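All values derive from a computational prediction rather than experimental measurement. Atoms within a ligand are numbered from 1 in the order they appear, just like the ligands themselves.
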Amino acid sequence: MSAEQRLSDHERALYSRQIRLPGVGEAGQLRLREAKVLLLGAGGLGSPVGLYLAAAGVGLIGIADPDKVEISNLHRQIVHGFDTLGLPKTISAAEALGEINPGLKVALHPEGFTVENAAELVARYDLVVDGTDNFATRFLAADACVLGGRPLVHGSVLREAGQVGVFLPRTGCYRCLYPTIPDAASVPTCADAGVFGATCGVIGSWMASEVIAVLLGKRTASRLLVIDVAAGTSKLVAMAADLACPCCGSAPIIRSLEKSAYVPTLCPTLPPMSETPLEVTVEEAQSLLAGPNPPLLIDVREMDEYAVCRIEGSRLIPMNTVPTRLAEIPQDVPVLVQCHHGGRSMKVTQFLRAKGYAHVSNVKGGIDAWSIKVDPKVPRY
Ligand SMILES: [Zn+2]
C-alpha cells in the first residue's frame with residue numbers, strides 16, 4: 001500500500017471519532033478523501049452541507065453559486081459573515097471551508113450551475129448536492145444527474161419545514177416525484193414566506209449525512225425525507241422509479257438539457273404535510289367546501305357510479321386513471337378525495353401524498369356518509 005493509499009497520522013488523529021464508526025474505518029475515510037462533491041448553492045443549505053463535508057474529510061468540494069453575499073443572507077447562511085459582505089459567495093464559502101479543514105481542495109464555479117455547463121460539471125464530480133433556491137436549477141440538477149449517471153442529494157426548506165431527497169441512478173429521480181416544473185406563481189418563496197436559519201441547519205445537516213452515506217456506499221435506493229420542525233415530525237417516503245418518468249422512465253422524453261426547459265422561478269418547496277389531516281369527516285368536508293378557500297373535490301369512483309349520484313362541484317377522475325391524470329390535479333390548492341365508502345379514496349390520497357401532494361385529505365365514509373349525514377337528497381346505492 002503506497003503512502004497515497006494510506007491515511008497520515010495527522011489524518012488519523014483528525015478523523016479518529018469518525019473512523020471508528022461502523023462502515024467507515026480507514027478504507028471509508030480514504031473513500032471520503034478521494035471523493036469529489038459538487039455543491040450547488042452556497043446559501044442556507046449549502047453552508048451546513050459544505051462545512052460538515054469539509055470537516056468530514058471530503059477531498060474536493062466544488063462550489064457553484066453566481067451570487068454575492070448580502071446582509072439578508074447572514075441569519076441563515078453561516079459560511080458567510082459581515083467581513084465578506086459583497087464578495088462572491090464562492091470565495092466567501094471557500095474561505096470558511098478552508099478554515100475548518102486546511103487539507104480540503106476547493107474548486108470555484110462563480111458562473112453558477114447553468115444549462116451550458118451542467119453536463120460538464122456533473123461529469124467532473126462523483127456526487128451533486130442541490131441546495132439551490134429555485135425550481136429551474138433544481139430540475140436542471142436532477143436531469144443532469146440522471147443523464148450523467150451521478151447520485152444527487154437534494155434539499156429544500158421553507159418556514160419551519162423542508163425535505164431531503166437522495167436520488168441514486170436507476171432507483172428513482174426527482175422527476176419521478178415532480179414530473180414538471182411548477183408555475184412560479186403557484187408556490188411561495190423564502191423571500192415571501194420566511195425561513196429560520198436553524199431549520200436550514202437541520203435540513204442541511206441531514207443532507208450532509210446522506211452525502212457521506214452515499215459516498216461510503218451505505219445507500220442503495222432513492223428516498224425522500226419530509227421534516228417539519230414546528231410539528232416535530234419527520235416522514236420517510238420510500239420511492240420507486242416511475243416507469244412513466246419523463247427523465248428516467250422507460251421511454252424518457254428528456255434526453256438532453258435544453259435551455260427553454262429550465263425557466264427560473266424562486267424557492268419553492270412542499271408546505272408542511274402535518275398541517276393537512278389525512279382524513280376529514282363529511283361534515284368537515286362540507287364546511288371546507290363552503291369556506292373561503294374551497295378545496296378541489298375529486299371523485300375517484302367509476303363513471304357509472306358517478307352517473308347515479310355525485311357531490312355538486314366534484315370532478316370525476318376514476319381511481320385507475322389517477323396516475324396518468326396528475327396534471328389535472330394541482331399541487332398548490334387543497335384537495336379532498338372521495339369515493340363510495342372511503343376505501344378507494346384513501347388509497348388515492350396516500351398515492352398523491354407519496355407523489356408530493358401535501359394538502360390532500362380523504363373524505364371518510366365517502367358519498368354514502370355524505371348522503372346520510374349531510375345531504376339526504378343525494379341517492380344511496
Ligand atoms: Zn425519474
K.L.:
Can you give me every donor-acceptor pair (side chain of residues 93-109, partner residue at least two apart or in another chain, under 3.5 Å) with its distance?
P.N.:
residue: N101; atom: OD1; partner: G103; partner atom: N; Å: 3.1
residue: N101; atom: ND2; partner: Y15; partner atom: OH; Å: 2.9
residue: N101; atom: ND2; partner: A54; partner atom: O; Å: 2.7
residue: H109; atom: NE2; partner: Y125; partner atom: OH; Å: 2.8

K.L.:
Using a cut-off of 6.0 Å, state whether more than 12 heavy atoms not belonging to R325 lie near its atom CZ.
P.N.:
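Yes - once you tally the heavy atoms of other residues, nucleotides and ligands closer than 6.0 Å, there are more than 12.
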K.L.:
Closer than 2.8 Å to the Zn ion (ligand 1), which protein N, O or S atoms?
P.N.:
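Correct list: C173 SG, C176 SG, C245 SG, C248 SG.
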K.L.:
For the backbone of I203 and the side chain of Q163, can you confirm whether one donor and one acceptor N or O come within less than 3.5 Å of each other?
P.N.:
no
K.L.:
Suppose we screen for salt bridge (charged side-chain N to carboxylate O under 4.0 Å, His left out). Which residues come up paired with R315, at least two apart in sequence or across chains?
P.N.:
none
K.L.:
Crowded around K355 NZ? As in, over 12 foreign heavy atoms under 6.0 Å?
P.N.:
yes
K.L.:
Return all side-chain donor-acceptor pairs below 3.5 angstrom for residues 44-53, not counting sequence neighbours, or 'none' if the list is empty.
P.N.:
residue: S47; atom: OG; partner: G43; partner atom: O; Å: 2.7
residue: S47; atom: OG; partner: I78; partner atom: N; Å: 3.3
residue: S47; atom: OG; partner: V79; partner atom: N; Å: 3.3

